[in-house]
Amino acid sequence: MVVRASALDRDDGLSPDEIRAQLERVLASDIFRAAPQLTAFLGYIVEQTLAGRAGELKGYTIAVEAFGRSPDFDPQTDPIVRVEAGRLRKALNLYFAADGVADPVRITVPVGAYVPAFERVATVAPPEEEVPAQDGPAVQEEQEERPASVENGAAAARPSRYWLYVAGLGLLLGLAAIGFWYWRTAHGAGKIAAQLPDLASQLPPPPAAPRSAPLPTVQAVIPVKARLPVVSVEIAEAVTDPSLDDLTRNFVRQVADTMARFDDLVVVKLPEPMTRSGEGADYVLTVSFSRVGDAIEGHARLSTAKGGRVVWTTSRERSIGDFNDAARLRDTAQQLAIRLAQPFGVLHADARQSPPTLEAGCLYLAVNLRRTMKPEDHLAARTCLEGVVARDPEFHPAWSQLALLTLDEYSSDFNARPGSALDRALAAAVTAVRLAPASARAHQVMMDALFLRGAVEDALKSGQEALARNPYDPDVLASVGARYVQLNRPAEGLPLLERAVALSNGRPPWYDFYLYLAAYLTGATRLAEAHAALINAEETPLGLIGRAMAAAASGDGFAQEHALQTLRQKVPLFDLDARLYLARRGFSTEVAERILAVINSGGLRPR
C-alpha cells in the first residue's frame, strides 16, 4: 500500500528527516552518482520543498540556483530544465524499480511541474495471534460481539483466501530455497566469501498466516538428486578389421575425454563390457570406421537411448595417413566432441526441444537467454533454476547459471530484486566453484562476477583458469576475449573471439559484436565491416549498439537513428545515461568513450 503526501501537507507522518534520509539513499545510487546534474536538480527541489518554498520552483530559479546558469538565463530559448526534468523522472523510475524497490519512502516528480511528491510505502499491520482452540468460551464470546456484516464478509472471502494461502505456501518454499543458497555460500566458501555482506539479511520476512485460516505446516523440501543428460560413447559394432581396432578405440576415448570437459552440460560414459547399448544413458553416440579403397571412412551417429530416435549423423573420409597421424586423429575427435557438447551445439538444439531431464531443460533456458536477451526469458530461466537448487543444493551447473542470471539483474536491469545483485552473483559463483573446482563454467562465471565488481586482475585469473579447464568451449573463449576487449586490450581478445566463432555452431550475436568492436579498436576496417554485416538485423542491446556504430561509421543516418531509437526503448538506462549503462556492462571508460565517439560522429549523441 502506498500513502501519498503532498509537498506541503504530510499528515501521514512523513517527517523531513525521513525524506532527507530517502534523498540520501537515492543520491548514493549508481544512477545518480554518475549524473551530477540530476543530483543537483533533485537535491535542490527536495530541499526547497521541505523549506516551504515549493511555489518558487520554476524553470528560471532551478536553472540559476541548481545548475549555476547566469541571471540572464531565458527558459523560453534554453530547454535545459525541461530536458533534465524528463531525465530525472526516468532516473527515479529506474531507481525505484530496482535498487530502491524496498525503500520505505518514494520520491516522484509529477509531469507538468517541478515540485516533488513523497510517498510512504506502508507495511500491512501484522495479524493478531490466533486464539487457541481450547479457549472455546472466549472464542464464542468474541464471535457473539462481532458484527454480522464482518461474519458475512469473511464467509464470502473464504474461497479467495484459500488461494492466497496456497500462494503464501509457494512463497515460503521459494524463500527457503533462497535462504539455503545464502547459507550454503556463507560456510566454507573461502577468502572471497568471507568478504561478502550478510546476504540473508536482505531477504524479506516470510508472510504471516491469516487469523481466520492458518497456513498448513510447511514440510521440508525433500532433496531430489538433479542430473545432467548422459551420453554413452560407443563403438558401433564389432571391428572386423584388426588394423582399425586401435584407431577406433583411441578415437572414442578422445571424443569422450573432450566431451567430459563440458561438465556443466553433459555427463559422458564409456560402456562397461557385457552391458546393453545405451544402458543408463539418455543419448548414444556410436562411432565406426571402415576401409574404402585406400582411404578410411568414419561414421558417427547420435540417437536417443530410448526409442532410438536419430538426432544427428556425420561421416568423413580421410586418407590412411591422416588417421595414422595421432595429432590429426585427436583434432578430428575434438571437433566432433565440441560440435556435440558445446553450449549451442547439437545436444543443446535437441535438449531444448525435448529435454531428457528437468534440470537440462532449466539449464538450456538459461543458455538460450544469451541469444534472446529478453526479460521474460530471464525470469523463466531464473525461476526454473531456483526450483532445481531447492531440490538439490549440490547441483553446481545450476549455481553457475544462477550467477550469470543474477549479474543480468545488474548489467541489463532484468527482473531486479532488492539488495546487491553483485553480492548475490558472487555468492552463487563461489558456491559453483566450491562444488565443482574443476569446472570451467564455474571459473568463467567467477570471472564475470569479479569483473563487474571491479576486481579486474582476479577476474582475468579466473578467466585463464576457465580456459585451462576447457580450451574447447566457445563460450569460455568468447567470454574471456570479450573482457579483454572491454579493457581496451583488443589484441589479446581478438584471437580468443575468432577461435570461439570458428568452434561455435550456432553462436549468440554477442560473439560477433565483440569481434566487430575488437576489429574497430584495432583499426581492422575490413574485418569490422564483415562482422558488422553479421549483426545488421540483431535486436539485442549489444547488437543495436554495434548497428548504431557501424551505421555512423558508414554515414547511414537513417539506420543509426533506427538502431538508437530501438535501443532507447529496450534499455531506458542507455537513454538516460549511456556511459552508466556501458559501465554496468563492464566496458572501461576508454572503450565506452570510443563507442560513444563513433556514434556521435554520425550526428546523433547519446547522453
Side-chain angles (χ1 to χ4, degrees), residues 222-239 245 248-289 298-314 333-334 336-343 345-367 384-385 387-389 391-401 432 435-442 469-470 472-473:
I222 300 175
V224 177
K225 192 66 176 176
R227 72 176 185 88
L228 293 167
V230 179
V231 178
S232 178
V233 185
E234 305 177 3
I235 298 173
E237 54 192 23
V239 180
D245 184 69
T248 306
R249 296 184 187 282
N250 287 337
F251 189 86
V252 166
R253 186 165 54 251
Q254 291 281 359
V255 170
D257 288 348
T258 303
M259 289 183 68
R261 292 178 182 256
F262 296 86
D263 60 354
D264 65 310
L265 298 173
V266 65
V267 172
V268 182
K269 61 174 290 188
L270 294 171
E272 297 291 335
M274 307 302 293
T275 57
R276 181 173 54 85
S277 175
E279 185 173 342
D282 300 292
Y283 295 95
V284 179
L285 175 64
T286 56
V287 176
S288 66
F289 289 96
H299 294 266
R301 181 175 66 184
L302 182 72
S303 58
T304 57
K306 294 181 179 179
R309 176 174 57 86
V310 176
V311 176
W312 175 82
T313 63
T314 187
Q334 289 172 351
L336 173 63
I338 295 166
R339 190 171 183 182
L340 290 169
Q342 64 176 280
V346 174
L347 282 169
H348 167 265
D350 187 71
R352 191 159 51 91
Q353 301 298 324
S354 305
T357 69
L358 171 64
E359 297 79 22
C362 294
L363 290 172
Y364 284 122
L365 280 177
V367 170
C384 195
L385 286 170
V388 171
V389 297
R391 295 186 296 274
D392 184 2
E394 303 290 323
F395 191 57
H396 73 88
W399 289 113
S400 293
Q401 293 298 332
L435 291 173
S439 173
R441 191 78 60 220
R469 297 288 177 182
N470 190 356
Y472 314 115
D473 188 334

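Pairing each heavy atom of Y364 with each of H348, the nearest pair is CD2-CD2, 2.9 Å. Between K269 and E279, the shortest heavy-atom distance links the atoms NZ-O, 2.6 Å. When all heavy atoms of V231 and M259 are compared, the closest pair comes out as CG1-CE, 4.2 Å. The two residues A360 and T357 make their nearest non-hydrogen contact at N-OG1, 2.9 Å. For the residue pair A442 and A436, the shortest heavy atom distance occurs at CB-O, 4.0 Å. P343 approaches D473 most closely through the heavy-atom pair CD-OD1, 3.4 Å.
Taking CZ from R469 and CZ from R441, the interatomic distance works out to 14.0 Å, rounded to the nearest 0.5 Å. For the atom pair S232 OG and D282 CG, the distance stands at 10.5 Å (nearest 0.5 Å). The distance from atom CD of Q254 to atom CD of Q334, rounded to the nearest 0.5 Å, is 6.5 Å. Distance check: R249 CZ to I235 CD1 gives 4.0 Å after rounding to the nearest 0.5 Å. Rounding to the nearest 0.5 Å gives a distance of 10.5 Å between CD of E394 and NE2 of H396. Rounding to the nearest 0.5 Å gives a distance of 13.0 Å between OG1 of T314 and CZ of R301.
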Check step by step if side chain to side chain contact (heavy atoms under 4.5 Å, CB included) holds for L265 and L228.
CA-CA 6 Å; L265 298 173; L228 293 167; 5.6 Å; no

Test side chain to side chain contact (heavy atoms under 4.5 Å, CB included) applied to L365 and C384, step by step
CA-CA 8 Å; L365 280 177; C384 195; 4.3 Å; yes

V284/E234 under side chain to side chain contact (heavy atoms under 4.5 Å, CB included): CA gap, chis, key distance, verdict
CA-CA 7 Å; V284 179; E234 305 177 3; 3.8 Å; yes

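Side chain of R339 to main chain of G345: no donor-acceptor pair is present (N/O by atom type, distance under 3.5 Å, no hydrogens or angles). The backbone N or O of P393 lies less than 3.5 Å from a partner atom in the side chain of W399, making a donor-acceptor pair.
In the displayed structure, R352 atom CZ is contacted under 6.0 Å by more than 12 heavy atoms of other residues, nucleotides or ligands.
Side-chain contact between D264 and S400 is absent, with no heavy-atom pair separated by less than 4.5 Å. Residues V230 and Y283 fail the side-chain proximity criterion, which asks for heavy atoms closer than 4.5 Å.
For the side-chain contact (heavy atoms from CB on, under 4.5 Å) with L302, the qualifying choice from V310, L347, D350 is L347, the only one to do so. Each of I338, N470, L340 was evaluated against T258; a single residue qualifies, I338, per the side-chain contact (heavy atoms from CB on, under 4.5 Å) test.
With respect to D257 and R253, no salt bridge is recorded, no charged nitrogen being found less than 4.0 Å from a carboxylate O. Between D392 and R227, none of the side-chain N atoms (NZ, or NE/NH1/NH2) sits under 4.0 Å from a carboxylate O, so this pair counts as no salt bridge.
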